[in-house]
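Each remark here refers to the structure printed beneath this line.
Worth saying up front: this structure is predicted, and the values here are computed from it rather than measured.
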Amino acid sequence: MQYDLTEQRKAYIEARGKTILTACPGSGKTTSVAYKLHTLMEESEALYGRHRGIACLSFTNKACMELEDKYKMMCGSNIQHPHLISTIDSFVTQNVLLPYYYLAGLKKRPVIVNDDDVIHQMYFPGGFASKQFSAEYQGMLWKYDPEKVDRGKGKYLYENKPCKPALEEYAKVVWSYRVGKGVLNSQDVTFLSCWILYKHPKVAESIAQRFPYIIVDEAQDTSELQTLFFDLLCQNGLKNMEYVGDVYQAIYEWRNANPENFQKMMAAGNGWNVLPLTENRRSVQRVIDIYSKIRLPGEEKIVSLVTEDKNIPVMVFKYDKTNISMVLKEFVDRCNNHGLQNCHILARGRDSLHKYFGKSEKMEYWKSKIPYMLIKALLLKDESHYPNAIRELLRVKAEFMFKGTEIEEKKKYVTDGLDDYHERAAMIRLLEVLPPLSEGFAKWTTEAQKVLKKAFNLKTDVNFLPYSRKQGHNQAELNNEPLSTYYGVNASAKLPFSVETIHSAKGASYGGVLVFLSENSSGQKISFSELKRKRDGILTEKQRLLYVACSRAEQFLAFAVPAEISDAEIIKTLGIKQKQISKVGLQGTLF
């Protein structure tokens with residue numbers, strides 16, 4: 001695989017020590033990291049010896065797999081020991097928490113669970129809720145879900161926000177109870193690992209010795225605690241620390257991401273060498289110029305290196321409740337006329353997808369989590385991922401065999417079941433007799449409940465507890481609607497375009513993109529006004545989401561905006577011409 005070593009890329013590849021790489025969309029960031037990994041690995045044995053290596057960390061398994069694939073394409077081999085590609089959570093867990101948990105006061109090896117429903121069961125009933133001291137917090141216990149309490153840097157958090165003074169004592173009690181039981185989520189793992197490094201610097205020194213060069217990809221999504229973790233490593237001997245990311249693409253604040261940390265590191269200096277990648281190999285310049293309107297003045301301009309330009313003008317389609325189908329057709333026609341095969345429509349979230357296209361990505365029909373697990377297993381089966389489908393059904397069986405608080409027992413049962421031929425065979429038989437997703441919700445529920453009772457030899461009937469009503473739906477009609485409408489290959493998959501949320505599209509490249517915007521920015525909505533740069537220089541999360549959405553487009557970028565937005569405002573904000581505003585089929589009133 002050829003790698004174009006430009007001056008910007010060369011500066012990054014040759015940088016050592018404390019480095020921050022700010023990489024614009026389409027800059028080939030993953031390719032550059034893979035290339036640098038190869039360079040560092042060639043140096044590693046001479047500099048550090050055979051048993052010390054490079055650690056490259058990211059946030060998701062998917063991102064790690066993409067980096068591994070890119071490295072293999074470039075170098076023709078897999079990354080091997082002593083080097084490592086891993087998620088941040090796994091790195092922290094495997095190198096600090098699990099080997100040194102006793103230093104944090106834990107009496108036994110902890111169980112790590114990131115399922116809020118499972119953690120919730122630990123508190124009710126027979127757990128926290130039954131203890132005598134819980135009476136003091138009974139009102140809070142029912143008002144504030146205990147599983148949503150976390151520890152931050154010097155503070156307790158509830159739903160990822162600092163607790164108010166009145167909530168702090170409750171947060172302390174429920175968090176201490178959870179940790180005392182040895183049940184941790186990823187946030188707990190990071191907090192306790194930071195505490196271990198702070199109190200026992202020899203542990204930090206040993207990690208810095210084992211991994212003398214650490215690269216953190218998608219660094220704009222690091223949390224405050226994760227940044228603290230790497231700071232503690234640097235304070236205890238880590239000389240080569242590298243952050244790679246783009247603060248404009250930080251869209252995971254709901255997952256504890258703190259892009260302000262990234263901004264502060266870039267602004268403060270403190271020995272950090274800040275390098276840019278502003279050469280865009282994905283989008284034509286007119287697309288870049290649109291989303292660059294959100295960027296702060298004075299920043300280095302993003303320049304397109306795309307050699308083929310199909311000269312498709314940016315378009316704005318005005319819509320109301322009467323003409324959405326015509327807007328979609330015109331968008332698709334323009335893509336087809338210019339030979340763009342991968343045209344995608346992006347919206348803020350599931351509610352927006354439901355509003356615009358009539359279907360949501362997921363229907364919450366039941367209160368129980370069991371039917372959703374069964375659906376996941378059936379979808380995995382349809383994709384021929386039988387091992388994962390079997391794992392999911394073993395998890396279902398474990399829910400019936402053990403109490404909600406017996407988390408470790410459940411995990412062990414699933415692990416043992418995967419190694420047991422008879423259990424695997426039983427789960428395959430179960431896959432074959434579960435009702436198909438072509439059944440209506442009511443019939444599927446009844447049949448699935450009967451199948452589970454028989455398959456697991458249960459003495460009592462299974463009850464998935466369907467909701468009595470679902471807002472926005474006629475319950476009688478919904479009961480007869482096939483599950484496949486909402487799960488797996490749904491209505492949007494049959495359309496001549498892909499409909500996705502912005503979060504799911506991050507990292508992708510599409511020939512044409514149509515971004516649906518709302519009438520205002522209340523709640524989770526994103527409106528046209530978010531395309532205007534804020535005077536104080538602080539971008540909102542919605543602006544960053546819009547930045548990500550627009551920067552997916554290679555050749556053609558379009559917006560769908562409510563009809564009430566004036567032509568004058570559109571022209572002024574985007575700098576386009578009147579002929580680039582389409583009112584195809586527009587009539588009637590707004591939603």
Side-chain angles (χ1 to χ4, degrees), residues 25 248 283-297 302 304 309-335 337-338 340 343-348 352 355-357 497 502 510-535 539-591:
Y248 290 102
S283 306
V284 294
Q285 193 65 49
R286 77 178 61 81
V287 171
I288 295 171
D289 290 344
I290 291 295
Y291 65 75
S292 290
K293 293 179 180 297
I294 301 175
R295 293 170 65 89
L296 301 179
I302 300 174
S304 173
D309 186 346
K310 293 181 179 291
N311 295 311
I312 314 173
V314 173
M315 291 295 300
V316 175
F317 301 104
K318 286 193 169 185
Y319 73 85
D320 64 13
K321 66 180 181 181
T322 67
N323 74 328
I324 284 183
S325 62
M326 299 184 72
V327 167
L328 300 181
K329 184 178 184 305
E330 182 169 343
F331 170 69
V332 172
D333 286 346
R334 285 176 180 266
C335 288
N337 291 340
H338 289 88
L340 304 180
C343 46
H344 290 244
I345 294 170
L346 303 180
R348 170 64 175 87
S352 295
K355 174 179 176 180
Y356 300 136
F357 310 112
F497 47 78
I502 297 172
Y510 304 138
V513 169
L514 173 61
V515 183
F516 258 83
L517 300 176
S518 302
E519 65 277 10
N520 57 58
S521 289
S522 63
Q524 296 298 307
K525 299 175 182 176
I526 299 179
S527 71
F528 184 78
S529 64
E530 299 295 346
L531 278 166
K532 300 174 184 177
R533 183 184 295 127
K534 303 298 182 186
R535 290 184 179 180
L539 266 67
T540 65
E541 185 180 19
K542 292 178 180 180
Q543 284 184 302
R544 296 195 296 270
L545 278 163
L546 195 49
Y547 185 94
V548 168
C550 295
S551 60
R552 302 309 94 196
E554 297 169 354
Q555 293 283 341
F556 180 32
L557 174 62
F559 299 94
V561 305
E564 62 187 16
I565 306 297
S566 71
D567 291 6
E569 183 179 357
I570 294 170
I571 292 170
K572 180 181 179 181
T573 301
L574 297 181
I576 63 175
K577 299 178 180 179
Q578 182 68 48
K579 64 181 180 180
Q580 292 171 256
I581 301 175
S582 171
K583 303 177 184 179
V584 57
L586 186 63
Q587 57 181 317
T589 58
L590 297 174
F591 286 105

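Listed for the Ser518 side chain is no donor-acceptor partner under 3.5 Å among the backbone atoms of Lys525. Judged purely by atom type and a 3.5 angstrom limit, Ser283 has no side-chain atom pairing as donor or acceptor with the backbone of Ile288. Judged by distance alone, with hydrogens and angles left aside, the side-chain atoms of Arg295 form no donor-acceptor pair with the main-chain N or O of Tyr291 at under 3.5 Å. Formation of a donor-acceptor pair under 3.5 Å by the Thr573 side chain with backbone atoms of Ile570 is not found in this model.
Between Leu296 and Tyr248, the closest side-chain pair of non-hydrogen atoms falls below 4.5 Å. Here the side chains of Gln580 and Ile571 are not in contact, with every heavy-atom distance at 4.5 Å or above. With a 4.5 Å cut-off on side-chain heavy atoms, Glu530 and Phe528 do not count as touching. Looking only at side-chain heavy atoms (C-beta outward), Phe331 and Cys343 come within less than 4.5 Å of each other. Contact of the Leu557 side chain with the Ile312 side chain is not registered, since no non-hydrogen atoms from C-beta on lie closer than 4.5 Å. A heavy-atom distance below 4.5 Å is found between the side chains of Gln543 and Thr540.
In this structure, Lys318 does not pair ionically with Glu564, as no charged nitrogen and carboxylate oxygen lie closer than 4.0 Å. With respect to the salt-bridge test (charged N to carboxylate O, under 4.0 angstrom), the residues Asp333 and Lys329 qualify. Between Glu569 and Lys532 a salt bridge is recorded (basic side-chain N to carboxylate O distance below 4.0 Å). At a threshold of 4.0 Å, the pair Lys583-Asp567 counts as salt-bridged, since one of the basic side-chain nitrogens sits closer than that to a carboxylate oxygen.
With rounding to the nearest 0.5 Å, the separation of CG in Leu574 from CG in Asp289 is 11.5 Å. Between the CD1 atom of Ile576 and the CD1 atom of Ile290 there is a distance of 7.0 Å, given to the nearest 0.5 Å. We find the CE-CG distance between Met326 and Asn323 to be 7.5 Å, quoted to the nearest 0.5 Å. Ile294 contributes atom CD1, which lies 6.0 Å from atom SG of Cys550 (distance to the nearest 0.5 angstrom). Interatomic distance, CD1 of Ile581 versus CZ of Phe559, reported as 12.0 Å (0.5 Å rounding). Here the NZ-CG distance, from Lys542 to Leu531, works out to 13.5 Å after rounding to the nearest 0.5 Å.
Contact record, Ser527 with Asn520: CB-C, 3.4 Å, taken as the closest heavy-atom pair. Of all the heavy atoms in Pro25 and Ile302, the pair that sits closest is CD-CD1, 4.4 Å. In terms of heavy atoms, Ala549 sits closest to Val515 at CB-CG2, 4.1 Å. Closest approach of Glu330 to Ser582, counting heavy atoms only: OE1-OG, 3.0 Å.
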**Asked** Does the pair Arg286 and Asp309 meet the rule for a side-chain contact (heavy atoms from CB on, under 4.5 Å), with working shown?
**Response** CA-CA 10 Å; Arg286 77 178 61 81; Asp309 186 346; 3.0 Å; yes

**Request:** Would you check, one step at a time, whether the test side-chain contact (heavy atoms from CB on, under 4.5 Å) holds for Arg334 with Met315?
**Result:** CA-CA 10 Å; Arg334 285 176 180 266; Met315 291 295 300; 3.6 Å; yes

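By the neighbour-count criterion of 12 heavy atoms within 6.0 Å, atom NZ of Lys293 is densely surrounded, having more than that number from other residues, nucleotides or ligands.
Among Leu514, Val513, Leu340, the one residue that satisfies the side chain to side chain contact (heavy atoms under 4.5 Å, CB included) test with Phe556 is Leu340.
For Phe516 and Tyr319, the ring centers are positioned less than 6.0 Å apart.
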